[in-house]
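On a predicted model such as this, the values are computed, not experimentally measured, just so you know. For the numbers below, each heavy atom of this structure counts, side chains included, while hydrogens, waters and symmetry mates do not.
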Amino acid sequence: MAESNAIPQWFSGSEHTHRVAAAVAQYGPIARTTLAQMLGLSQGALSRITSDLIYAGVIEELPAASGATGKLPERFTPKENSDRRGRPQTSLVLCSNARTFVGVKVHGTSIVSAAVNAHGEVVSDRHEVPIGEDQSPEYVTGAIARLTAACTDDVVSAGLPSPTAVGVAVGGHVVNDSVVTFAPFLHWDGETDFGAMVGKATGLPCGVFNDIDSLLVDASWFGPGVGLDMFAVVTIGIGVGYSLAVHGEPVSYPDKSYGLVGHVLVDPEGPRCTSGHIGCSQCLTDDSIAEQYSAIVGRPVTFEDFARDARAHVPQASQLVHRTCFRLGALVSMVANIAMPGHVMIAGESAFLAKLGTDSLRDGIRHYRHSQAAPVKFTIVNHDWQLWAKAAASRVIVKHIG
């Protein structure tokens, strides 16, 4: 990303200062004594840092009577403070409405945006622009500029500060948080410095990120992944996706955005994909499910037809739901067995299937997992592209805090 388009730092300070602010953002409300123990800082050093951050308007105190506490990192247990003299313990939180950010999700048929505050909470209306035949970077950039303006109007009307930066999530491969080198659902050719284009069009610093990584970071900072040593996201829909976080940070691997999990074996008796693999995880995609359902009912049908019948509990559709969820369970079990995350989040356009066939999902996990191994914890997320837009903004928040 060009330096002029880089996400600005919220404040200047030492590495410890940024670590303290990040910990408050991720684990707050949190007591000073707990924060000092977690970061290995003396009470005096922490007191100086937090005083500076409070003065800068980055964090604030909650009264002891509020009783609010955040989720702490697993394997960390705060020591009891033996000195109970002095004023009651207050908790620290990030100043939620001191900053706002615009998040945008670009997918094959539309662009969705929302503004969030520093806690990653949506503070604007949902805005959306369709994508028709023109999927060019120029059209998408212009649409993002209009969406950003709409989000800005929302937050200013609500008495909140204008957005600090824009985060954009795309399905594909992104270099330096700006240059899109591979965007299969948008059919872009070559390298596109999309961050620079959006930054120029909106007048705001812009970061461009892989969409599944963004969902992972959002959950690790503001969702079910907070505090977990290892946390994974598996998505199903038009494609199959996977990403892994270690201590809240996505594992960096330059080739992971190319859908590498899309062809791992999940059912040795499953259908053949377009690449010739039998029973790979492509059988979890919408197109494959539509083909499978067409074969079951004996006529061509769409995925939308299948989804309607599945929700209506039509027997043939329910049969395919349970088969699909068992296969999804095999994929989740594989992720759990190899990467060993403490929790897996299942998301994507077709994640509703996991809710329709949760028992089969659990059966698939158990089938490929040792009987004495701990059960795999998972969360199924209701699909909404606004969540993905919010996740793009969360990536910017993390970078803004530094």
Side-chain angles (χ1 to χ4, degrees), residues 105-108 169-177 179-192 208-220 225 230-246 248-268 270-289 324 326-351 353-354 361 364-365 368-369 376 378 381 388 391-392 395:
K105 165 59 181 165
V106 181
H107 61 96
V170 298
H173 190 254
V174 183
V175 177
N176 297 327
D177 298 339
V179 179
V180 178
T181 64
F182 176 67
F185 303 119
L186 295 171
H187 309 102
W188 291 355
D189 295 325
E191 296 186 353
T192 302
V208 182
F209 314 99
N210 173 265
D211 54 357
I212 299 175
D213 277 355
S214 298
L215 206 60
L216 182 78
V217 170
D218 179 68
S220 296
M230 308 279 283
F231 176 73
V233 169
V234 171
T235 63
I236 56 172
I238 296 176
V240 180
Y242 160 71
S243 192
L244 176 71
V246 178
E249 292 290 332
V251 173
S252 180
Y253 179 59
D255 294 333
K256 72 176 184 177
S257 302
Y258 296 122
L260 301 181
V261 78
H263 291 283
V264 299
L265 180 66
V266 295
D267 183 355
R272 187 184 298 271
C273 79
T274 56
S275 297
H277 309 136
I278 295 175
C280 74
S281 64
Q282 287 298 300
C283 68
L284 303 172
T285 63
D286 293 356
D287 285 349
S288 178
I289 291 172
T324 298
F326 187 91
R327 291 164 172 166
L328 175 60
L331 179 60
V332 170
S333 182
M334 185 181 306
V335 167
N337 292 344
I338 295 175
M340 294 178 279
H343 198 114
V344 178
M345 188 171 82
I346 300 169
E349 310 98 295
S350 304
L353 295 176
L361 171 66
I365 294 172
Y368 291 97
R369 192 156 171 84
V376 177
F378 61 85
V381 179
W388 298 67
R395 296 295 301 273

Are side-chain heavy atoms of [X] and [Y] found at a separation under 4.5 Å?
X	Y	answer
Asp177	Phe209	yes
Thr235	Trp388	yes
Leu215	Met345	yes
Ile289	Leu353	yes
Val240	Leu331	yes

Distance check, rounded to the nearest 0.5 Å: [X] atom [atom1] versus [Y] atom [atom2]?
X	Y	atom1	atom2	answer
Ile212	Ser243	CD1	OG	7.0 Å
Leu361	Phe378	CG	CZ	4.5 Å
Cys280	Asp267	SG	CG	10.5 Å
Ile238	Asp287	CD1	CG	8.0 Å
Ser288	Arg327	OG	CZ	7.5 Å

Side chain of [X], backbone of [Y]: donor and acceptor closer than 3.5 Å?
X	Y	value
Ser214	Ala169	no
Thr324	Leu284	no
Thr285	Gln282	yes

Tell me the closest heavy-atom pair linking [X] and [Y], and the distance in Å.
X	Y	result
Trp188	Val180	CE3-CG1, 4.0 Å
Ala339	Leu244	CB-CD2, 3.9 Å
Gly248	Ala245	C-CB, 4.2 Å
Leu265	Met334	O-CE, 3.2 Å
Cys283	Pro271	CB-CG, 3.7 Å
Val261	Gly241	CG1-C, 3.9 Å

side-chain hydrogen bond (donor to acceptor under 3.5 Å, both in side chains) involving Asn210 - partner list, sequence neighbours excluded
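Applying side-chain hydrogen bond (donor to acceptor under 3.5 Å, both in side chains) to Asn210 gives none.
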Could you pull out all residues at least two apart from Asp286 that satisfy salt bridge (Lys or Arg N to Asp or Glu O under 4.0 Å)?
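For Asp286 there are no salt bridge (Lys or Arg N to Asp or Glu O under 4.0 Å) partners, ignoring immediate neighbours.
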Can you classify the ring geometry of His263 versus His277 as parallel (below 30°), tilted (30 to 60°) or perpendicular (above 60°)?
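Geometry flag for His277 against His263: perpendicular rings.
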Should we count CG of Asp189 as having more than 12 external heavy atoms under 6.0 Å?
no
